[in-house]
Each structure stands twice: as structure tokens, then as C-alpha cells.
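Chain letters run A, B, ... following the sequence lines, proteins first, then strands; residues in each count from 1.
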Amino acid sequence: MTSVHGGIIRRSPNVNPDQVNTMSQIVTRFAPSPTGHLHIGGARTAIFNWLLAKNAGGKFFLRIEDTDRARSSQEMTDAILDSLSWLGISWDGEPIYQSERSELYNQCVEKLLETGHAYWCSCTPEEVDAMREKARAEGKKPKYDGSCREKGLGPGENHVVRFKGPETGKTVFKDMVKGMVAVEHAELDDMVIRRPDGSATYNLAVVVDDSDMGVTRIVRGEDHLSNTPRQILIYEALGLTPPEFGHVPLIHGPDKKKLSKRHGARSVTEYRDDGLLPEALFNYLVRLGWSLGDQEIFSRDELVASFTTDNLSSSAAAFDPDKLSWLSAHYIKEADPAHLAKLLPAYLEPLGFSGVAQDKLAAIVPLYQPRAKSLVEMAESARFFLVADADLEYDAKAVKKILTDEAAVHLAKLKELFSGVEPFTVAGLEEAAKQYLDENELKFKAIAQPLRVAVSGSTVSPGIFETLEVLGRDSVLGRMSRALDQAS
RNA sequence: GUCCCCAUCGUCUAGCCUGGCCCAGGACACCGGCCUUUCACGCCGGCGACGGGGGUUCAAAUCCCCCUGGGGACGCCA
């Protein structure tokens with residue numbers, strides 16, 4: 001009564017080459033339940049499965065587990081698909097909806113009934129609860145006690161169908177990340193596979209669907225590990241070959257506790273709203289629980305080329321917002337400025353800036369690529385570039401500290417000089433400033449901060465000449481005038 | 001409670017399968033320095049771990065056992 005699965009050898013000797021080929025095609029899937037947004041745990045699972053398929057040149061399917069009609073919604077389904085797309089994950093064919101497949105499930109339940117692998121049960125939920133309570137009280141595993149196993153009941157009011165599992169022996173399988181896992185059949189109880197209303201339960205539907213979809217490898221969260229022996233038993237009873245399973249540990253919060261809303265159990269959408277690039281989240285999630293030597297940064301192509309299940313970690317990982325932030329900064333540095341300029345308006349809008357010209361943004365972006373950790377941060381820092389000169393707000397403390405009488409003298413001179421600088425570029429401005437500095441035997445420090453405060457309103461900005469160039473002559477001169485007014 | 005899974009720096013991890021090259025390597029964070037025009041970037045350096053106990057062995061982070069700790073599952077949810 002021992003069954004072993006998951007080995008690599010699954011070919012029978014007499015199949016023809018063509019068939020071997022189709023059979024060896026790798027098929028993976030991601031099966032979210034549309035009862036909430038796509039969270040990072042689910043996103044990581046999706047990524048792993050997608051990568052697995054891509055690496056093998058196989059297929060990656062989507063299945064929407066929406067059998068819980070009350071809690072599922074089309075809006076959530078759409079949101080999940082959106083998140084996947086944003087991450088750059090594409091799927092083969094159309095998503096499959098479990099809610100449309102009850103007929104298939106019922107056929108399989110019938111087959112199980114006919115072959116003696118399932119039976120009707122008339123026990124009420126209350127009765128079953130009592131059985132479980134009793135077992136628990138005796139220090140045993142809470143289980144349905146199998147009262148109806150041999151009763152030979154038929155369909156009837158409030159009758160469910162239960163799977164008739166083996167009572168002895170054990171199921172052993174080779175998990176792609178855990179290795180050999182064994183569970184005694186005595187630990188399992190006869191699970192309900194069909195409810196009184198005729199609907200199928202999770203374990204049955206999953207098996208039927210994965211088999212029907214031709215899924216060959218399943219990577220999923222460790223919370224499904226204990227379901228696996230049950231599912232394997234259903235595969236066997238149905239005369240089907242189980243796929244290979246890989247159970248990745250759940251992601252923990254930074255405190256090693258359960259992932260909570262507070263620190264990371266957030267949806268992919270929220271990270272997008274925070275101004276992360278999808279590349280950063282993708283890279284971070286992959287590295288959380290998977291590694292390839294010492295490499296930290298991976299392009300998508302590298303990942304597709306090198307991702308295998310061998311390097312998946314078997315121990316749980318904690319979510320680290322700092323490291324994610326570091327990756328975000330990295331990908332912003334690497335990104336094409338024009339691309340970022342296209343993304344920026346979405347983050348500028350909430351700040352009250354809309355319809356900013358693309359070429360203007362494209363000029364601003366490079367100044368912030370080395371400093372911004374997110375697009376939100378970039379948008380906020382870039383504010384002073386976008387406000388009208390007359391609306392620029394001056395930080396009182398900065399004005400008091402930097403725009404001294406002496407600074408005002410320099411600013412006045414510089415303003416005159418700048419009005420004639422041609423071209424109005426970093427090189428031209430630098431040259432003009434240098435000349436002024438040399439003539440008056442001044443250090444650059446004497447004018448850097450005054451200029452910065454004059455044009456940005458604060459003591460912080462990108463390099464001053466870059467800032468001046470991007471601002472343009474009119475703004476620079478206008479703002480310098482305003483600064484001189486403030487100073488006096 | 002029962003069963004299953006897991007255990008290297010604060011965090012992500014390499015190394016573990018095929019013991020010696022590991023008084024344990026990389027990255028994030030942190031600390032210090034350099035660069036400098038503010039803030040960042042960058043560069044250099046530092047701090048910092050094999051959970052505990054038994055074995056096996058000439059030799060153990062690596063193999064075995066126990067303990068402890070953590071997580072998950074025990075649904076007519078998925």
C-alpha cells in the first residue's frame with residue numbers, strides 16, 4: 001500500500017517518440033482564488049511557476065479558483081490578472097474558471113463512486129464536529145471516523161460524497177523542494193469531495209483540473225503540503241499520474257512572524273502605487289527563497305535561462321523591505337530615462353501636476369535616477385522643477401541660513417552673468433561661475449548653496465548646474481530675483 | 001493535542017547531497033572613512049552566524065540521533 005511518485009522517470013518503454021515529446025512538455029500553472037488582491041506570496045508562486053515553464057520551453061496556464069461564489073468576484077479576477085501583467089507574467093491561452101467546470105467534477109465523482117473509491121455519507125456537519133472534538137480530546141488527530149464507509153448509502157437529502165481512502169500504508173512522494181515526504185494513511189480521513197448541493201470541493205477540483213490541463217509540475221505554498229498526499233490518492237483512484245510537486249515555505253514578516261498587512265503582506269498593486277518598478281519586485285521575490293550562487297541582480301532572461309527548482313530554499317524567508325528598496329533604487333538607476341518619464345505622470349498627478357511635457361520630464365528624470373528609491377520619491381523631489389516660478393515656496397530656515405547678505409551680493413552678480421550665458425548648459429554655466437569665482441577669489445562653496453536655495457527653495461537638489469540647465473534661463477533668472485527679494 | 005515541514009551573520013543567502021580548500025563567502029541594513037556642491041550615487045574598510053547536546057570520523061556547518069525553537073496542516077475554505 002505504498003505509492004511513490006515524483007521521480008523523473010515516468011516513461012513507459014513502448015511509447016513512440018512523438019508521444020514522448022508531448023509527454024515531456026513541461027506544463028505549470030498558477031491558480032489564484034479571486035477573493036482578494038494578488039499578494040506577494042501569490043505573486044512569488046506565480047513567478048516560480050512561470051519561470052519553470054519558460055525555462056523548460058513549456059506552458060504556463062492560469063486557473064481561477066472561484067468555486068466560492070460568495071467571496072469571489074470578477075473585479076478581483078481582473079485585478080489579479082492586471083497585477084500579473086504588470087509583473088510581466090503572461091499566460092498561455094485563456095484563464096480557466098473552475099466555476100464553469102462542475103460537470104467535469106461530477107463525472108469524476110461518479111467514476112470514483114462506481115469504482116468503489118468513494119461513498120455516500122449521511123453524517124451531519126455537527127456529527128462530524130463531535131467526532132473531531134472527541135478525537136482531539138483523546139489527544140489524537142481530529143478526523144471523520146468513517147461511520148458511513150461501509151453503509152452502502154445512496155444519494156439523499158444532505159448526503160455528501162466522501163473519498164474512500166486507504167486505512168493502512170502510507171503515501172510517499174518526492175517533493176521538488178522538500179525531498180522525500182511521507183504521510184501515514186492513518187493520519188488522513190475520508191474527505192468530502194462533493195457537497196450536498198452537488199458542488200465539488202477543493203481537493204477534488206484541483207486534481208481533476210490539473211490533470212485535465214496536463215499540468216506536470218506544481219509549485220505552491222507550503223500550506224498545501226498536507227493536502228498533497230490526499231490529492232495523490234485521488235489521482236491514483238482516478239487512474240491518473242500525479243504531477244511533480246514543489247512546496248515553497250511561506251514568506252514571513254521582518255520579525256519572523258506571520259506576514260501581516262503592516263509589513264509586506266500587501267498587494268502587488270500597492271507596491272506599484274508606492275512607485276516600485278516591476279523589475280525590482282520581480283527580482284526581489286525571486287531571490288526570496290531562490291538563489292544562484294552569490295548573484296543578486298538578475299535580468300528576466302537570465303532568470304528564464306537559469307531558474308530551476310534545485311535552487312529553491314526549503315526554509316522560510318522573511319520579507320525585508322530594505323532590500324526591496326535597494327533593488328528598486330537599482331532598477332531606477334538602470335532604467336531608460338524616457339521610459340521613466342512615461343511612468344512618472346501617474347505619480348505626479350496626485351501631487352497636482354498633470355499634463356507635464358514629456359521632454360521636460362525626460363530632462364528631469366536623469367537627475368534623480370541616482371537618488372530616487374521609488375517613482376513616488378522621484379515625483380516628490382522633482383516638484384520644484386514643475387511649479388510656476390511665482391509659486392515656488394522657499395523654506396524659511398534655508399532662506400535664513402543660506403541667503404545671507406553676502407550671498408545676495410553673489411546672487412545679484414551671478415544673475416547678471418547668467419542672463420548672458422550662451423548656451424545655457426552645464427558647461428556654459430560652469431564656465432561663467434568659474435570665471436566669477438576666480439575673479440573674486442572665491443570658493444565654489446560660496447555660491448553653491450545660495451544658488452540652490454534660490455532656484456529650488458531648499459538646501460537639497462541635484463547637482464546645481466544640472467538643475468539650472470534643466471530649469472532653463474527664464475526660470476533661473478526669475479527665481480533668482482525672487483530669492484533676492486527674500487534675502488533683503 | 002496530533003501529524004508534516006524547517007533550522008548558517010539582524011535580514012536574504014553561498015557552502016551541506018559528493019565530510020578536509022570554511023577559525024564560513026556574497027548581498028541588504030548598520031557603523032567608520034574617502035569622494036564632494038547640498039542630498040544622494042559611488043568607492044574603501046568594519047561589525048556580524050554554523051540553535052543546544054550526543055554520536056560517526058584522523059577530520060563535521062556538512063553524515064546520524066535526541067532536544068529546543070519556528071512554521072504549516074488538521075473544514076461540506078481555497
Side-chain angles (χ1 to χ4, degrees), chain A residues 31-35 65-68 70-72 98 121 123-125 128-129 132 135-144 158-162 175 177-179 181-184 186-189 191-197 199-203 205-206 221-229 247 249-250 252 254-258 284 287-297 311 313-327 329 333 367-373 381 398 402 433 443-449 451-453 456 458-465 467:
Chain A
S33 181
T35 53
E65 310 216 318
D66 57 350
T67 50
D68 186 338
R71 295 194 301 144
S72 303
Q98 282 194 327
C121 167
C123 298
T124 65
V128 177
D129 280 349
R132 295 209 166 94
R136 199 185 289 268
E138 288 168 0
K140 290 192 287 202
K141 190 158 186 143
K143 287 167 54 174
Y144 166 69
N158 290 324
H159 286 193
V160 298
V161 175
R162 285 183 184 274
D175 189 274
V177 346
K178 303 284 186 191
V181 175
V183 173
E184 297 285 339
E187 291 297 322
L188 276 21
D189 62 359
M191 63 195 139
V192 170
I193 54 178
R194 174 180 164 142
R195 304 185 184 94
D197 67 359
S199 64
T201 59
Y202 172 73
N203 283 112
V206 166
E222 198 176 15
D223 50 338
H224 288 284
L225 190 57
S226 54
N227 281 326
T228 306
H247 291 91
L250 271 18
H252 289 176
D255 52 3
K256 269 290 177 187
K257 295 274 177 51
K258 248 195 200 152
Y284 178 74
R287 264 299 335 248
L288 195 64
W290 179 85
S291 63
L292 191 68
D294 287 337
Q295 193 171 345
E296 296 286 349
I297 309 286
N311 307 306
S313 173
S314 53
S315 55
F319 183 85
D320 180 5
D322 285 333
K323 190 157 185 181
L324 173 57
S325 185
W326 169 72
L327 274 166
K333 283 187 197 77
L367 307 196
Y368 286 105
Q369 279 182 280
R371 338 179 184 254
K373 284 195 163 80
S381 312
I402 306 293
K443 291 254 169 87
F444 185 56
K445 273 192 191 297
I447 63 166
Q449 284 303 72
L451 271 173
R452 196 180 316 276
V453 172
S456 77
S458 83
T459 54
V460 178
S461 87
I464 189 62
F465 296 116
T467 301

Exercise for the section: In whole angstrom, give me the gap between the C1' atoms of C50(B) and A61(B). Expected result: 5 Å
Practice task
Answer yes or no: is there a side-chain heavy-atom contact under 4.5 Å between R162(A) and I193(A)?
Solution key: no
Just the table, please: protein N/O against nucleotides 72-74 of chain B N/O, every pair under 3.5 Å.
| unit_1 | atom_1 | unit_2 | atom_2 | d |
| --- | --- | --- | --- | --- |
| A73(B) | O4' | S226(A) | OG | 3.4 |
| A73(B) | O2' | S226(A) | OG | 2.6 |
| C74(B) | O2' | P142(A) | O | 3.1 |

Problem - salt_bridge(E296(A), K323(A)) N-O dist < 4.0 Å - result: yes
Practice task
Determine the interatomic distance between P on C63(B) and the same-named atom on G20(B); round to the nearest Å.
Solution key: 11 Å
Completion exercise
Any strand, both distances under 3.5 Å, Watson-Crick or G-U wobble: A27(B) pairs with U11(B)
Practice task
Pick the C1' atom in A60(B) and in C21(B), then give their distance to the nearest Å.
Solution key: 15 Å
Problem - Sub-4.5 Å side-chain heavy-atom contact between P249(A) and K178(A) - result: yes
Completion exercise
The Watson-Crick or G-U wobble partner of A78(B), with both key distances under 3.5 Å, is none
Handout entry: Same-atom distance (C1') from C77(B) to A40(B), integer angstrom
Key = 49 Å
Practice task
Report which part of the nucleic acid T67(A) touches: base, sugar-phosphate, or nothing (heavy-atom distance under 4.0 Å, all strands).
Solution key: sugar-phosphate
Exercise for the section: Would you classify T467(A) as touching base, sugar-phosphate or nothing, given that sugar-phosphate means primed atoms plus P, OP1 and OP2, and contacts are heavy atoms under 4.0 Å? Expected result: nothing
Practice task
Examine distances only and state if a side-chain atom of S291(A) and a backbone atom of R287(A) form a donor-acceptor pair shorter than 3.5 Å.
Solution key: no
Practice task
For C64(B) versus U56(B), give the span between their C1' atoms, rounded off to a whole number of Å.
Solution key: 7 Å
Problem - Salt bridge present between D189(A) and K141(A) (N-O < 4.0 angstrom) - result: no
Problem - Sequence-aligned protein contact record of nucleotides 10-34 of chain B, with B where the base is within under 4.0 Å of a protein heavy atom and S where only the sugar-phosphate is - result: -SBSS----------BBBBS-----
Problem - Atom of Q295(A), atom of I297(A) and distance for their closest heavy-atom approach - result: NE2-O, 2.9 Å
Handout entry: Touch class at under 4.0 angstrom, heavy-atom based, for A205(A) against every strand present
Key = nothing
Handout entry: G-U wobble or Watson-Crick pairing nucleotide for U36(B) (cut-off 3.5 Å, both distances)
Key = none
Problem - Residue among F319(A), W290(A), W326(A) satisfying ring-ring contact (aromatic ring centres under 6.0 Å, His included) with Y284(A) - result: F319(A)
Problem - Shortest side-chain distance from P370(A), nucleotide among C41(B), A78(B), C4(B) - result: C41(B)
Handout entry: Chi class for C58(B): syn within 90° of 0, otherwise anti
Key = anti
Handout entry: Nucleotide opposite C3(B) in a Watson-Crick or G-U pair, distances under 3.5 Å
Key = G72(B)
Practice task
Please determine, for G19(B), whether a Watson-Crick or G-U wobble partner exists with both distances under 3.5 Å, and give it or none.
Solution key: none
Exercise for the section: For I464(A) and U38(B), give me the distance from atom CD1 to atom P, rounded to whole Å. Expected result: 12 Å
Exercise for the section: Considering only atom C1', compute the distance from C39(B) to G25(B) and round it to an integer number of Å. Expected result: 33 Å
Exercise for the section: Just call it for P32(A): base, sugar-phosphate, or nothing, with non-hydrogen atoms closer than 4.0 Å on any strand. Expected result: nothing
Practice task
In whole angstrom, give me the gap between the P atoms of C58(B) and C28(B).
Solution key: 43 Å
Exercise for the section: Check every strand shown and say whether G463(A) touches a base, only sugar-phosphate, or nothing at a heavy-atom separation below 4.0 Å. Expected result: base
Fill in the blank from the handout: Across every strand shown, the nucleotide meeting Watson-Crick or G-U wobble geometry with U56(B) (both distances under 3.5 Å) is none
Practice task
Could you work out the separation of U62(B) and A14(B) based on their C1' atoms and round it to a whole Å?
Solution key: 13 Å
Exercise for the section: Give one of base, sugar-phosphate or nothing for P196(A), where a contact means two heavy atoms less than 4.0 Å apart. Expected result: base
Fill in the blank from the handout: Side-chain atoms of R452(A) come closest, of A78(B), C76(B), U38(B), to U38(B)
Practice task
May I ask you to check if R132(A) and Y144(A) form a cation-pi contact, with NZ or CZ under 6.0 angstrom from the six-membered ring centre and within 45° of the axis?
Solution key: no
Problem - Side-chain H-bond candidate by donor/acceptor type, D197(A) with S199(A), under 3.5 Å - result: yes
Exercise for the section: Identify whether any heavy atom of S33(A) sits under 4.0 Å from a base atom; if not, whether one sits that close to sugar-phosphate; answer base, sugar-phosphate or nothing. Expected result: sugar-phosphate
